[in-house]
Amino acid sequence: MAAGNVSINSTNAEFGGVGDPEAVVGVSKKERAPLLTQRKLFRSLSGRDISNNSLEENNDTHRTLGTFEGVFAPVCLSQFSALLFLRAGFIVGNLGLLASCGSLTLAYLILLFTILSICAISTNGAVEGGGAYYMISRTLGPEFGGAIGALFFFANIFSSALYTTGCVEGLVDNFGESGRIAQVLPEGRWYSFGYGSAVNVFNMMVCLIGAGLFAKLTVVILAVVIFCLLSVILSFPINNFEIEVQIPAANPLVNSSYELNGTYTGFSSVTFGDNLWLPKKPYRDYTTCSEDNYETCSVVTFALTFGVLFSGVTGIMAGANMSGELKKPGRSIPLGTLMATFFTYLTYLLVFVLTAATCERFLLCNNYIYMMGINIWKPFVTIGIVTATLSASLSNIIGSSRVLAALAKDNIYGKMTRYIGLMSWGNNPVGAVVTSAILVEGVLLIGGLNTIAKFTSIFFLLSYLATNLACLGLEWASAPNFRPTFRYFSWWTTLLGMIGNGAMMFVISPSVAGICIIVLLVLVIILHLQSPSEHHQWGSISQALIFHQVRKYLLLLDSRKDHVKFWRPQMLLMVNNPRSACPLIDFTNDLKKSGLYVLGHVKVADCNEMKKDPAAEDYPKWMALVDHLKVKAFVEVTVGHTVREGLRHLVRVSGLGAMKPNTILFGFRDNAPSQDFFTRYEIPATFSYGSIEAGSGESPFQGESSPFNVGNYQSTSPTSASPSLLAHAPASDSTITAEEYVGMIADVLNLGKNVCLCRHFHQMDKAAILRKDNRQKFYIDVWPVDFLNPDESNIFGTTSLFLMQLATILNMVSSWRKRTMLRVFLCVSSRDADPEAQKKQVEHMLHELRINATIVPVPWDHITTHIAHDTSDSQSEAEADADSLSHLNDAYINGVNGLISGQSVDTAVTFLYLPRPPEMPAHYPRYLELLTSITNGLRPTVMVHGISAVTTTNL
């Protein structure tokens, strides 16, 4: 709104130029329907191409993998990995068949719940490269997605090292100095590290060639592994007789104390019964021994065994990691992953049962490669071990490189991963592959397979927990656009997946789980401080969940149950020129006391002539203002033929449900020039209801730096306004008269709202008042006297109590409480019966209301003598209305102004009683003139009129 010479539409240019409105929200003129440009999305959802764009066709040439070679084969090989040939006997021997099958079923149930979540997310839209990271980041936002993406990347790194170690272990056991097949490879820790490095380099070379070679190699390796597996399964019934199987020479537990052979009994009920239950005493893991020292071998626990088991079957993301190379990721990922999971689960159950029915526990716990001793041809097991572990390590290193490439593409970690994008060849992230290989090399230094397995399991469990969390959030948010084509999931499957993953993390290793969670939280905090969401408009599930919960609780918030003891101010601050209103906006943010705070603005326009909504165009600019000033406020912009009409709209419709403004704040209408607090230079704009006058003369802040300066402003999103758009408003011919301004005050009161008029807030230097090293004490002054009707003033009335309540609320704010004190001025006159008794009454009232304030009696006989009293009783209502203002001469008004000014030397804010406007509009100018004269030259002043009870003495 505007005053006598006030600009009504000044905000049009303050948060964006007067020119093209599309510059405000970051939409190109050529792009009237941005969603339609995402043709890749529509093609993915519909299964057909709606564009002949050659560039998009070239992009699709990189998607060459189908369900079998792109998902089923990698997932099968990752889940077989080191577990199938190297650790099946270890698990059955140390847990027994029942516990082994139970642990396997539990592990696969956890995986199945996670797979269902993956299927749901991957069939809800187009899936790009990055697998789990892409799904989580596009659901939970870049902060959480980036943190989980980093952990998932390291999970794949550790897993690749784990399987590389398993591959080396198989090679050394068969071709080492005591190898079963040949003795050609020297043994030792550093030799094993060298062999692992050679495998790692081979994996890196395959990945550098590309995903096509990886897919072809995966299919070939899967065929070889299945052939070797069939040889193992057939060996059990073929060799159904007792066989003495040699215990490895590397096992110091056996070589130092026991016989060198274990027994394969063939199918035996006795053997099956012995292997059915947990062992009577725990065995030791001979792969963890230091040289030949028996004491250095670690005891095998359930946590260790489950960690080895779970780490062997965590390859469910192997297909999702290749999402960027899949032709139809939305179809291939669910189908291929589920098929591979059921296939590997049944395979493990079969191998566990056959093993428990034919092999003594001693053999299983002291020879992890027992299969070689009973196989129809020993090299089949060696080939199976090498190919299964090699393919699993290869799958994980290519998966980790894709996750890292996706992180770099999204620029989540800034300069740390920027080089990845510079080192790419076609669609192959060369830099990510090399980085992954180097990190795998570092993990190989940790040691044995079982040691690495613990870290791998925790990393994967945390990643799976986040995937379930993402799906659970989507389900609970009930977003209409979450309608995946995969239907076989629900909120309870995702919740069970979360609980299972979280519980297993601490079962495997509480210490490692705690460390991983701390690392995750640190990453989330770091990314939140870096605010990557400012540059990525992916949509965060947190916004959908917040909406869902807020809507639910707003429905529970019933205005009919309001009680005065729980009253709080709900502010609607009317703002026209936000540049000049910065101190008032900031002050109101302190005054709201955790209540509703709305910034209201009226755009004057003819609604019949509008082709589009100007309020919607300005909204991003106002949100930029809220971000810049760091206030907790909502924004309401409306359009009306006049400011007064727009005000009525805002007062009626602002808020939602029971959360509606109960107090309306205006800037004061006068002709003082306004200030630009964004740059601290005086601007030649007239000032309105929402702007704060700078006083006459030159700005006292000329050339100074403002705390509201936009120089350090940072946009919160690519589509929000930027500092360059915060241009000051042009002058307008639209004005607001004194009659309209006072009429607006009357309208607010008639609509049942409290009203506050704020003046002189351009003078407020909040930083100076609240500065810690400033020893000066400032005061919040309350004058609960109706200076326009002193004879009818009631210090115990509604408005007086509302004055004290607002002042007390301001004093309750921690920063204000430390630097200010509350004073209540009691104007006393010789005509009062007992001034001392009146003071005690006020003290008692303040005590009952729990208001800690100092009462300051102020004599004002010398001022009230200037009031002219008319003793006539025959006045009409109109004459009485006029007389209530006309009898207040300039001497009285100037005296009141001097009285307040004389007591305001150390005042930070003054709260004054705002009389109700006169009934006759003809008297509005005189009313405003009196308010102007009373408040001239004062410190920041809030004139208040309350119409509702806001405090109580009852408990």
Side-chain angles (χ1 to χ4, degrees), residues 41 44-47 63 65-76 78-79 105 107-140 145 148-149 152 313-346 395 399 402-403 406 460-461 463-501 541:
L41 170 63
S44 173
L45 294 176
S46 64
R63 294 182 175 270
L65 305 183
T67 302
F68 184 80
E69 71 274 19
V71 181
F72 180 83
V75 172
C76 281
S78 294
Q79 290 190 304
T105 302
Y108 267 82
L109 275 176
I110 295 173
L111 293 175
L112 179 61
F113 292 143
T114 304
I115 291 170
L116 297 180
S117 299
I118 295 171
C119 294
I121 297 175
S122 62
T123 59
N124 192 52
V127 180
E128 301 297 329
Y133 157 71
Y134 184 88
M135 299 179 192
I136 295 171
S137 63
R138 267 51 175 185
T139 304
L140 299 181
I148 287 294
F152 188 66
V313 297
T314 51
I316 58 173
M317 290 288 190
N321 290 341
M322 302 300 297
S323 57
E325 281 81 16
L326 296 174
K327 295 177 182 177
K328 298 179 180 179
R331 179 180 182 275
S332 297
I333 292 175
L335 180 61
T337 305
L338 284 172
M339 289 174 57
T341 301
F342 284 119
F343 175 71
T344 55
Y345 174 69
L346 295 176
S395 176
R402 268 41 183 184
V403 173
F460 274 113
L461 281 167
S463 302
Y464 296 162
L465 188 150
T467 304
N468 284 290
L469 176 62
C471 189
L472 180 64
L474 288 169
E475 181 71 6
W476 276 357
S478 300
N481 283 325
F482 181 61
R483 42 181 188 272
T485 57
F486 183 84
R487 299 292 185 181
Y488 303 101
F489 79 102
S490 67
W491 67 267
W492 62 265
T493 61
T494 59
L495 184 60
L496 287 176
M498 283 183 57
I499 295 173
N501 284 301
I541 189 63

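Taking each heavy atom of Y345 and T105 in turn, the nearest pair found is OH-OG1, 2.8 Å. What you find for G319 and I333 is that their closest heavy atoms are O-CG1, 4.5 Å. Contact record, I110 with G500: CD1-O, 3.7 Å, taken as the closest heavy-atom pair. Of all the heavy atoms in E69 and G66, the pair that sits closest is OE2-N, 2.7 Å.
Ring orientation note: the planes of F113 and W492 are nearly perpendicular, at an angle over 60° on the 30°/60° scale. Note: F489 and F482 have perpendicular aromatic rings, judged against thresholds of 30 and 60 degrees for the angle between ring planes.
You'll find the side chain of Q79 reaches within 4.5 Å of the side chain of Y108, heavy atoms only. Counting only heavy atoms from C-beta outward, the side chains of V71 and L335 never approach each other to under 4.5 Å. Side chains of N124 and F486 form no contact here, defined as non-hydrogen atoms less than 4.5 Å apart. The side-chain heavy atoms of Y464 and I316, taken from C-beta on, include a pair separated by under 4.5 Å. Residues I148 and Y133 fail the side-chain proximity criterion, which asks for heavy atoms closer than 4.5 Å.
Residue T67 holds its OG1 atom at 11.0 Å from CZ of F72, rounded to the nearest 0.5 Å. Here the straight-line distance linking atom CE of M498 with atom OG1 of T114 works out to 10.5 Å at 0.5 Å rounding. Between atom CG of residue L495 and atom OG of residue S117 there is a gap of 10.5 Å, rounded to the nearest 0.5 Å. Interatomic distance, R331 CZ to T123 OG1, rounded to the nearest 0.5 Å: 13.0 Å. Distance check: L496 CG to L472 CG gives 10.5 Å after rounding to the nearest 0.5 Å. With values rounded to the nearest 0.5 angstrom, L112 atom CG is found 13.5 Å from Y488 atom OH.
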Derivation of the side chain to side chain contact (heavy atoms under 4.5 Å, CB included) call for E475 and T494
CA-CA 9 Å; E475 181 71 6; T494 59; 5.6 Å; no

Please evaluate residues F152 and I136 with respect to the criterion side chain to side chain contact (heavy atoms under 4.5 Å, CB included), reporting the C-alpha separation (whole Å), side-chain torsions for both, the decisive distance (0.1 Å), and the verdict.
CA-CA 11 Å; F152 188 66; I136 295 171; over 6 Å; no

So I115 and L338, side chain to side chain contact (heavy atoms under 4.5 Å, CB included) or not? Walk me through it.
CA-CA 7 Å; I115 291 170; L338 284 172; 3.5 Å; yes

Go through it in stages, so that I can follow the logic: the residues are I121 and R138, the test is side chain to side chain contact (heavy atoms under 4.5 Å, CB included), and I'd like the CA-CA distance, side-chain angles, deciding distance and then a yes or no.
CA-CA 10 Å; I121 297 175; R138 267 51 175 185; over 6 Å; no

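Between the S122 side chain and the C119 main chain, a donor and an acceptor come within less than 3.5 Å of each other. For the pair S332 (side chain) and P329 (backbone), a donor-acceptor distance under 3.5 Å is absent.
With M317 as the fixed residue, the side chain to side chain contact (heavy atoms under 4.5 Å, CB included) test singles out one of T337, T467, V403: T467.
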